[in-house]
Student: 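For reference, the structure I am asking about is given below.
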Amino acid sequence: MNLRKRLRELPLHVMLLPGVVILFVYSYIPMVGITIAFQKFDPIKGLFGSEWTGTDNFRYVIQMPDIVQVLWNTVFIASMKIAAGLIVPIIVALLLNELKNQLVKRGVQTLIYLPHFLSWVILGGILIDILSPSQGIVAQLFKAMGLDPIFFLGSNQWFPFVIVLSDIWKEFGFGTIVFLAAITGINPSLYEAAIMDGASHWRQTWHVTLPGMMPIIVLMATLSLGNVLNAGFDQIFNLYGPVVYESGDILDTLIYRMGLIDAQFGVATAIGLLKSVVSTILISVSYYMAYRIANYRIF
């Protein structure tokens with residue numbers, strides 16, 4: 001019986017093989033480069049000829065004067081993205097659920113989902129044009145109201161919030177569809193029972209819809225904990241500049257500048273290794289919490 005079952009499942013395992021090979025080639029073999037974090041890496045001498053420095057690169061990272069600010073920027077921006085990335089899609093999903101015209105409902109879903117397919121190279125160019133202090137639409141509106149234009153992408157005060165709001169613009173459509181799917185899974189008899197009890201529309205939302213969405217809300221919240229150190233390299237790299245390094249420089253952009261611009265390969269790899277270790281711990285904790293709270297498991 002077990003042999004028959006294994007033979008029946010054999011094609012499924014064979015189908016997994018290409019993915020496993022690609023994962024091994026592109027994710028596990030490059031991990032040999034971690035050794036650069038313990039070297040004074042010289043590209044000419046290579047991985048095996050460079051001088052070994054032990055933990056000097058890690059000590060250098062800890063003593064960097066701006067590492068605390070960069071860490072704070074990373075956690076602050078990522079945390080705001082996680083919070084807004086949960087709240088906004090839930091609210092939009094509840095509002096869309098109230099729309100009875102299916103044509104309008106599908107049209108709105110398509111419009112809000114569209115930015116998800118655009119890269120930050122394109123969206124960054126659009127944002128730079130919109131927020132330009134000289135000719136941008138926002139600056140023109142400010143002037144029409146008698147206000148001074150604000151250079152949003154050049155202000156340390158406004159830059160983190162622009163990052164969060166633009167991330168919501170790009171991704172809240174995807175989250176909305178996830179929560180709409182959760183709403184469609186709620187048993188209609190619960191609404192009928194609520195109506196029979198005289199519950200208003202607001203009461204139905206509060207006592208039936210939200211509790212029905214709660215498992216997927218808890219699941220998305222716990223899984224997002226693993227992204228606390230991922231504030232979004234593509235987005236910030238396409239939008240920031242030296243004038244907003246104080247509020248916009250995150251771990252990923254610091255790694256890019258130190259590794260590819262300043263040629264401090266060992267230090268950049270040490271920062272990346274520290275980030276990966278902490279992220280692995282956070283992801284493990286978030287998956288454990290998702291299993292304990294929402295009974296979510298991959299295998």
Student: Do the side chain of Asn156 and the main chain of Val243 share a donor and acceptor less than 3.5 angstrom apart?
Tutor: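 Here the side-chain-to-backbone pair exists.
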Student: First locate atom CD1 of Ile177, then atom CZ of Phe172, and finally report the distance between them rounded to the nearest 0.5 Å.
Tutor: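 With rounding to 0.5 Å, CD1 (Ile177) is 10.5 Å from CZ (Phe172).
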Student: For Tyr113 and Thr176: C-alpha separation, side-chain torsions, deciding distance, then whether side-chain hydrogen bond (donor to acceptor under 3.5 Å, both in side chains) applies.
Tutor: CA-CA 9 Å; Tyr113 193 36; Thr176 299; over 6 Å; no
Student: Please round to the nearest 0.5 Å and tell me the distance separating atom CD of Glu246 and atom OG of Ser155.
Tutor: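 Atom-to-atom, Glu246:CD and Ser155:OG are 10.0 Å apart.
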Student: Give the C-alpha distance, both sets of side-chain angles, the deciding distance and a yes or no for side-chain contact (heavy atoms from CB on, under 4.5 Å) between Met258 and Met64.
Tutor: CA-CA 12 Å; Met258 299 203 73; Met64 285 172 61; 3.7 Å; yes
Student: Take atom NZ of Lys45 as the centre, draw a 6.0 Å sphere, and report whether it contains more than 12 heavy atoms from other residues, nucleotides or ligands.
Tutor: no
Student: List in chain and number order the residues that pass side chain to side chain donor-acceptor pair (under 3.5 Å) with Ser200, two or more places apart in sequence or in another chain; answer none if no residue qualifies.
Tutor: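 Checked Ser200 against side chain to side chain donor-acceptor pair (under 3.5 Å); zero matches.
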Student: Just how far is it from atom CG of Leu282 to atom OG of Ser279, taken to the nearest 0.5 Å?
Tutor: 6.0 Å
Student: Side chains of Leu180 and Gln109, heavy atoms from C-beta outward: is any pair under 4.5 Å?
Tutor: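 They are in side-chain contact.
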Student: Find out whether Leu254 and Ile67 are in side-chain contact, i.e. whether some heavy atom of one side chain is under 4.5 Å from a heavy atom of the other.
Tutor: yes
Student: Quick check on the hydrophobic clustering: are Ile126 and Val138 connected, directly or via other members, by side-chain heavy-atom contacts under 4.5 Å?
Tutor: yes
Student: Taking a hydrophobic cluster as the set of Ile, Leu, Val, Met, Phe, Trp and Tyr residues connected by side-chain heavy atoms closer than 4.5 Å, whether directly or through intermediates, do Leu123 and Val244 fall within one such cluster?
Tutor: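 Both belong to a single hydrophobic cluster.
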Student: Tell me, do Lys170 and Trp120 make a side-chain contact under 4.5 Å, heavy atoms counted?
Tutor: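 Yes - at least one pair of side-chain heavy atoms lies under 4.5 Å apart.
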Student: Could you tell me which non-hydrogen atom of Thr35 sits nearest to which non-hydrogen atom of Val32, and how far apart they are?
Tutor: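 Heavy atoms only, the tightest pair is OG1-O, 2.9 Å.
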Student: Can you check whether Trp169 reaches Leu127 side chain to side chain, under 4.5 Å on heavy atoms?
Tutor: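 Trp169 vs Leu127: side chains touch.
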Student: To the nearest 0.5 Å, tell me how far Arg257 CZ sits from Gln264 CD.
Tutor: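 Atom-to-atom, Arg257:CZ and Gln264:CD are 10.5 Å apart.
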Student: Any carboxylate oxygen within less than 4.0 angstrom of a Lys/Arg side-chain nitrogen, looking at Arg59 and Asp56?
Tutor: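 Answer for the salt bridge query: yes.
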Student: Tell me whether the count of non-hydrogen atoms from other residues, nucleotides or ligands lying under 6.0 Å of CD in Gln135 goes above 12.
Tutor: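 Incorrect, the count does not exceed 12.
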Student: Testing the basics here: between Asp167 and Gln235, what is the closest heavy-atom pair and its distance to 0.1 Å?
Tutor: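 Reported closest heavy-atom pair: N-NE2, 3.5 Å.
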Student: Hey, mind stepping through Leu210 and Leu94 against side-chain contact (heavy atoms from CB on, under 4.5 Å) and telling me if it holds?
Tutor: CA-CA 9 Å; Leu210 276 176; Leu94 291 173; 4.1 Å; yes
Student: Decide yes or no for Ile216 and Met220: does some side-chain heavy atom of the first lie under 4.5 Å from some side-chain heavy atom of the second?
Tutor: yes
Student: Do the side chain of Ser132 and the main chain of Asp129 share a donor and acceptor less than 3.5 angstrom apart?
Tutor: no
Student: Do Phe265 and Pro43 have side-chain heavy atoms sitting under 4.5 Å apart?
Tutor: yes
Student: Hey, what do you get for CD1 (Ile163) to CZ (Phe152), rounding to the nearest 0.5 Å?
Tutor: 13.0 Å
Student: Before you tell me yes or no, could you show the steps for Phe58 and Leu273 under side-chain contact (heavy atoms from CB on, under 4.5 Å), namely the whole-Å CA-CA distance, both residues' side-chain angles and the distance that decides it to 0.1 Å?
Tutor: CA-CA 10 Å; Phe58 294 95; Leu273 181 57; 3.7 Å; yes
Student: Can you find a pair of side-chain heavy atoms, one from Phe233 and one from Ile255, that are under 4.5 Å apart?
Tutor: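 A side-chain contact under 4.5 Å is absent here.
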Student: Using 0.5 Å steps for rounding, measure from the CG atom of Leu71 to the CD1 atom of Ile271.
Tutor: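 Those atoms lie 11.0 Å apart.
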Student: Is there a donor-acceptor pair closer than 3.5 Å between any side-chain N or O of Asn73 and the backbone N or O of Asp249?
Tutor: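 Checked: pair present.
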Student: May I ask whether Val70 and Val68 are part of the same hydrophobic cluster, defined by side-chain heavy atoms of I, L, V, M, F, W, Y residues being less than 4.5 angstrom apart, directly or through others?
Tutor: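 Result: yes, single cluster for both.
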Student: If I compare all heavy atoms of Leu47 with all of Ile36, which pair ends up nearest, and what's the gap?
Tutor: CD1-CG1, 3.5 Å
Student: Heavy atoms only: give me the nearest Ala139-Pro149 pair and the separation to one decimal.
Tutor: CB-CB, 3.9 Å
Student: Could you state whether Leu260 and Val121 fall into the same hydrophobic cluster, counting links through intermediate Ile, Leu, Val, Met, Phe, Trp or Tyr residues with side-chain heavy atoms under 4.5 angstrom apart?
Tutor: no
Student: Check the surroundings of atom CD1 in Ile137: do more than 12 heavy atoms from other residues, nucleotides or ligands lie under 6.0 Å from it?
Tutor: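 Open: at most 12 neighbouring heavy atoms sit under 6.0 Å from CD1 of Ile137.
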Student: Before giving the answer on side-chain contact (heavy atoms from CB on, under 4.5 Å), spell out for Gln39 and Thr269 the whole-Å C-alpha distance, their side-chain angles and the decisive distance to 0.1 Å.
Tutor: CA-CA 10 Å; Gln39 294 178 328; Thr269 309; over 6 Å; no
Student: Is there side-chain contact between Leu86 and Phe179, with heavy atoms separated by less than 4.5 Å?
Tutor: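 In short, these two side chains touch, coming nearer than 4.5 Å.
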Student: Membership question, hydrophobic clusters at under 4.5 Å side-chain separation (ILVMFWY): are Val164 and Ile87 in the same one?
Tutor: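 No; tracing contacts between hydrophobic side chains, which count when under 4.5 Å, never links both residues.
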Student: Check whether more than 12 heavy atoms from other residues, nucleotides or ligands sit under 6.0 Å from atom NZ of Lys105, and answer yes or no.
Tutor: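 Above 12, so yes.
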Student: Could you pull out the closest heavy-atom pair between Asp148 and Phe142, with the gap in Å?
Tutor: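 Scanning both residues completely, I find the closest heavy atoms to be O-CD2, 3.4 Å.
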Student: Step through the shown structure and confirm whether more than 12 heavy atoms of other residues, nucleotides or ligands are within 6.0 Å of CE on Met31.
Tutor: no
Student: For Phe159 and Leu239, work out which heavy atoms get closest and say how close.
Tutor: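 Answer, listing the atom of Phe159 first, then Leu239: CE1-O, 3.8 Å.
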Student: What class does the angle between the rings of His116 and Phe174 fall in, given that below 30° is parallel, 30 to 60° is tilted and above 60° is perpendicular?
Tutor: parallel
Student: Please check if the side chain of Asp197 supplies one atom and the backbone of Ala199 the other of a donor-acceptor pair under 3.5 Å.
Tutor: no
Student: Atom CH2 of residue position Trp158 - does it have more than 12 heavy atoms of other residues, nucleotides or ligands inside 6.0 Å?
Tutor: no
